[in-house]
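In what follows, a single structure is set out as structure tokens and then discussed.
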Amino acid sequence: MSLDDLVVRCNIKMGESVHNEAPDGTPIDPKLMRIQRTTNPRPKVPQKELVFGKVFSDHMLEIDWDYKNVRKEGGWHPPVISAYHPLSLSPAASVLHYALECFEGMKAYKDVCGRLRLFRPELNMQRLNSSLARLYMPSVDPDAFIECIKELVRQDRDWVPEGIGYSIYLRPTAISTYPFLGVGATKEIKLFCIMSPVGPYYPEGFNPIKLYADTLNVRAWPGGVGNTKVGGNYGPTIRPQMEATRLGCAQVLWLGEDHTVTEVGAMNVFFFWVNEQGEKELITAPLCRGDVLPGVTRRSILELAGKWREFKVTERAVGMKEVVKAKNEGRLLEAFGAGTAVVVCPIRAILYEEEDVVVIKEGDDVGPLTKRMWDALTDIQYGKFDHPWSVLID
Ligand SMILES: *Cc1c(COP(=O)(O)O)cnc(C)c1O
């Protein structure tokens with residue numbers, strides 16, 4: 001059986017779903033970059049005290065774009081790296097009114113030799129371009145923007161914590177700074193990147209979570225924008241998340257049509273089970289309906305599992321009814337969320353229609369596939385061996 005047979009694919013690939021018609025103008029040119037180092041470096045936070053997304057490194061990257069006269073002088077301005085600073089923008093800026101905003105999430109890692117590495121950054125660039133296109137914003141040249149990001153990481157090399165589980169989280173973001181209250185195409189954009197040093201998600205080993213399968217609120221739908229990282233997708237998830245917390249659950253399990261499983265919180269979700277045909281199968285929601293974010297971690301897991309050829313690997317919509325049935329018949333082996341921040345996050349139970357679907361019984365250990373996936377991904381990310389997915393910065 002070929003890899004293609006093992007990995008059932010949908011016909012829409014990441015970054016290909018939307019054609020970008022917005023005018024780009026002058027492309028990003030890393031050679032024109034200006035670097036103004038801070039004169040006021042801040043003290044580093046001790047590694048043990050790092051909390052996700054609260055501490056930021058000394059520098060940030062900014063690249064402005066404007067439309068004026070695209071053919072002549074519009075387009076991307078020279079990239080600037082300078083001290084981390086507040087932004088100044090008009091209260092009419094359309095990001096503040098119509099959420100003309102999108103972002104990425106990626107990490108830089110320090111390997112055992114102290115070298116800096118990125119993980120599949122070209123996939124983040126592809127996805128950024130599909131988010132930008134959805135907002136009728138210009139695209140970025142992937143190689144040029146990766147070059148700028150690499151320089152930012154180099155400038156703040158001392159801010160990248162060492163050790164397995166430690167990394168610096170990168171947040172490339174594009175906002176419309178155009179001061180215009182009409183709902184229309186933006187003519188001014190700021191693309192920036194900030195960085196936040198982060199510690200291990202599981203300092204004391206895996207902490208399997210319980211999910212609340214929300215049957216009331218919907219995160220994304222066919223024809224919507226759930227397949228892009230636009231800011232507007234995230235604000236409205238906070239209230240359902242609070243409801244999940246009230247019910248003793250750590251994350252929301254987002255359901256689609258007919259209570260099919262789509263994602264968990266801001267992670268993709270996988271089930272490992274024995275299917276109705278008696279075959280072991282790793283299964284995740286497909287991208288073709290457009291209600292699932294094309295995660296870099298998701299894709300990497302599908303590709304790794306496909307290469308192992310030890311069980312079936314499938315992208316297909318799975319209904320909660322099927323999950324409950326598999327559980328009742330003792331066929332549900334493991335379940336986990338997947339994303340850059342956590343790598344993989346084991347699922348202990350799902351609260352669905354007032355019943356607990358238990359995946360890991362009290363006192364039982366996290367499943368072997370979940371652990372193996374974590375090891376396989378982190379080995380590549382931290383450069384334990386050479387692998388084309390790990391990109392050296394120097
Ligand atoms: C970012 C994100 C993911 C995970 O994507 P990765 O590229 O693996 O980090 C999954 N779901 C949602 C909704 C997201 O925003």
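Everything quoted here is computed from the prediction, not taken from an experiment. Indexing begins at 1, ligand by ligand and atom by atom, following the structure's order.
The distance between the ring centers of F103 and Y234 falls below 6.0 angstrom.
Between the side chain of H59 and the main chain of L152, no donor-acceptor pair closer than 3.5 Å is present. When atom types are taken as modelled, the side chain of Y109 and the backbone of G165 share no donor-acceptor pair closer than 3.5 angstrom. A donor-acceptor contact shorter than 3.5 Å links the side chain of R127 to the backbone of P294. Side-chain N or O atoms of T26 include one that pairs as donor or acceptor with a backbone N or O of G74 at under 3.5 Å. A donor-acceptor pair under 3.5 Å is formed between the side chain of K107 and the backbone N or O of T340. E355 places no side-chain N or O within donor-acceptor distance of the main-chain N or O of Y352, the cut-off being under 3.5 Å.
Short contacts between ligand 1 and T340, defined as distances under 4.0 Å to a heavy atom of the residue, involve ligand atoms 6 (P), 7 (O), 8 (O), 9 (O). Distances below 4.0 Å separate heavy atoms of E263 from the following atoms of ligand 1: 10 (C), 11 (N), 12 (C), 13 (C). The distance from ligand 1 to the heavy atoms of Y234 drops below 4.0 Å at these ligand atoms: 13 (C), 14 (C), 15 (O). Of all the atoms in ligand 1, the ones that sit under 4.0 Å from a non-hydrogen atom of M267 are 10 (C), 11 (N). For ligand 1 and G295, the ligand atoms under 4.0 Å from any heavy atom of the residue are 5 (O), 6 (P), 7 (O), 8 (O).
Side-chain contact between V261 and L253 is present, with at least one heavy-atom pair separated by less than 4.5 Å.
Below 3.5 Å of separation, one finds an N or O of R127 facing an N or O of ligand 1. Considering backbone and side-chain atoms alike, A338 places every N or O at 3.5 Å or more from each N or O of ligand 1. At a 3.5 angstrom cut-off on N or O pairs, R219 does not count as close to ligand 1. In terms of polar-atom proximity, N124 is not counted as a contact of ligand 1, lacking any N or O under 3.5 Å from an N or O of the ligand.
In this structure, the protein non-hydrogen atom closest to atom 3 (C) of ligand 1 is A266 O, 3.3 Å. Nearest to atom 8 (O) of ligand 1 among the protein's heavy atoms is T297 OG1, 2.6 Å. When hydrogens are left out, the protein atom nearest atom 1 (C) of ligand 1 is K229 NZ, 1.4 Å; that is the closest non-hydrogen contact.
With a 4.0 Å heavy-atom cut-off, ligand 1 is reached by the side chain of L293 but not by its N, CA, C or O.
Aromatic ring pairs are classed by plane angle as parallel below 30°, tilted from 30° to 60° and perpendicular above 60°; the pair F270 and F336 is parallel.
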